Amino acid sequence: MKLLENKVALITGASRGIGEAIAVKFAENGANVAFTYLSSDEKAKALEDKLSALGIKAKAYKCDAGDYAATEQLANDVVKEFGGIDICVNNAGISKDNLLLRLTPDQWDDVMQANLKSVYNLTRQVIRPMMKARSGSIINMSSVVGVEGNGGQSSYAASKAGIIGFTKSIAQEMGSRNIRCNAIAPGFIETDMTHYLKDGGAEKWFEKIPLARFGKPEEIAGVALFLASDLSSYVSGQVINACGGMST
Ligand code: NAP
């Protein structure tokens with residue numbers, strides 16, 4: 001029996017990067033996968049085909065995770081199509097980095113909406129089907145920057161720290177309903193989001209990372225699989241750092 005056999009997973013922001021790796025890992029482990037994206041139509045279609053070829057049910061939904069009404073519609077559509085939602089991975093996120101003196105109100109709002117409001121939006125939608133099923137696992141994508149802060153990334157760090165407070169609160173609120181809520185705090189992972197870091201030479205970053213390399217999306221997907229499955233049935237309200245030992 002596969003770890004996620006007969007489970008339904010909803011993953012936000014899975015057309016690329018970490019979300020895509022989680023979608024593939026979950027499908028390989030037997031889950032039916034509904035996933036969202038914002039603008040990458042072709043990549044989303046390609047992923048839908050790739051997941052379906054693994055023999056599970058898969059569907060891509062174009063949905064802005066920061067838009068409350070859109071997420072309400074999304075959750076209704078997924079429940080109708082898939083019959084429920086057992087696992088929710090709030091992965092969608094953006095960065096608009098700037099020093100505070102140059103950080104505009106619009107930049108601040110955009111990051112908060114995409115990174116933090118999105119987590120509230122989707123979590124509020126999925127707890128209803130999870131409460132009905134008396135079981136669920138919610139996984140929120142924070143960041144090591146949300147744990148430790150980082151100059152030039154105050155909006156991103158604040159949104160990711162907010163996710164940690166939200167995660168711990170929901171774990172306390174929903175534990176009696178057998179709904180678990182955990183966060184993952186990745187370090188530097190090789191995706192489009194961190195592509196620019198390599199321009200200045202990746203080696204200087206490696207000095208700060210005991211494992212002396214960036215992580216791969218699949219390595220975050222492995223942590224997500226643990227948190228999604230019964231392997232972590234007594235784990236809730238936790239933040240798992242997956243950062244090559246950078247934060248200890
Ligand atoms: P990425 O490669 O830039 O991919 C971002 C994904 O999110 C894409 O699928 C994008 O869809 C989607 N997305 C963005 N805004 C959205 C919205 N409002 N609604 C729905 N989907 C949206 O990012 P990544 O590196 O994989 O990061 C994934 C998550 O991990 C983010 O929350 C990020 O903050 C976090 N994280 C990443 C790192 C890292 O080093 N990469 C480290 C720590 C935490 P489109 O393709 O349609 O634009």
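Computed from a prediction, not measured in an experiment: that's the story for all the values here. Counting convention: from 1, in listed order, for ligands and their atoms alike.
- A heavy-atom distance below 4.5 Å is not found between the side chains of Phe188 and Lys208.
- Near Gly17, the atoms of ligand 1 lying under 4.0 angstrom from a non-hydrogen atom of the residue are 2 (O), 26 (O).
- Of the protein's heavy atoms, Arg16 NH2, 3.1 Å lies nearest to atom 48 (O) of ligand 1.
- No hydrogens or angles considered: nothing links the side chains of Gln113 and Asp109 as a donor-acceptor pair under 3.5 Å.
- Protein heavy atom closest to atom 15 (N) of ligand 1, with residue, atom name and distance, is Ile94 CG2, 3.7 Å.
- For atom 31 (C) of ligand 1, the closest heavy atom belonging to the protein is Asn91 O, 3.1 Å.
- Crowding of Lys132 atom NZ: a count of heavy atoms from other residues, nucleotides or ligands under 6.0 Å not exceeding 12.
- Counted by atom type alone, Asp97 and Gln153 present one or more donor-acceptor pairs between their side chains at under 3.5 Å.
- Counting only heavy atoms from C-beta outward, the side chains of Asp67 and Asn121 never approach each other to under 4.5 Å.
- Heavy-atom distances between Lys160 and ligand 1 reach below 4.0 Å in at least one pair.
- Under 4.0 angstrom from ligand 1, there are no non-hydrogen atoms of Pro217.
- Heavy atoms of Ala44 found under 4.0 angstrom from ligand 1: none, in either backbone or side chain.
- Every atom of ligand 1 is numbered from 1 in the order shown, and the set under 4.0 Å from a heavy atom of Ala14 is 9 (O).
- In terms of protein heavy-atom proximity, atom 30 (O) of ligand 1 is nearest to Met141 CG, 3.3 Å.
- Of the candidates Leu4, Val33, Val126, Leu4 is the only one forming a side chain to side chain contact (heavy atoms under 4.5 Å, CB included) with Ile87.
- At a 4.0 Å heavy-atom cut-off, ligand 1 touches Ser142 through the backbone alone.
- Between Cys88 and Met130 the shortest side-chain heavy-atom distance falls below 4.5 Å.
- Taking only non-hydrogen atoms, the option from Ala92, Ala185, Ser118, Ala65 nearest to atom 19 (N) of ligand 1 is Ala65.
- Shown in contact with Phe188 at under 4.0 Å from a heavy atom are these atoms of ligand 1, numbered in order with element: 40 (O).
- For atom 37 (C) of ligand 1, the closest non-hydrogen atom on the protein side is Ile18 CD1, 3.7 Å.
- For atom 34 (O) of ligand 1, the nearest protein heavy atom (residue, atom name, distance) is Tyr156 OH, 2.6 Å.
- With a heavy-atom cut-off of 4.0 Å, Phe214 does not touch ligand 1 at all.
- A heavy-atom distance below 4.5 Å is found between the side chains of Met193 and Ser95.
- Here the shortest heavy-atom distance to atom 14 (C) of ligand 1, taken over Gly215, Gly13, Gly93, belongs to Gly93.
- The protein heavy atom nearest to atom 25 (O) of ligand 1 is Thr191 OG1, 2.5 Å.
- If you number the atoms of ligand 1 from 1 as listed, the ones under 4.0 Å from a heavy atom of Thr194 come out as 39 (C), 40 (O), 41 (N).
- Residues Ser154 and Leu100 approach most closely at OG-CD1, 4.2 Å, considering heavy atoms.
- Across every non-hydrogen atom of Ala75 and Ile85, the tightest pair is O-CD1, 4.3 Å.
- Annotation: atom 11 (O) of ligand 1 to nearest protein heavy atom, Ser15 OG, 3.3 Å.
- A cation-pi arrangement is present between Lys57 and Phe82 under the rule of less than 6.0 angstrom and at most 45 degrees off the ring axis.
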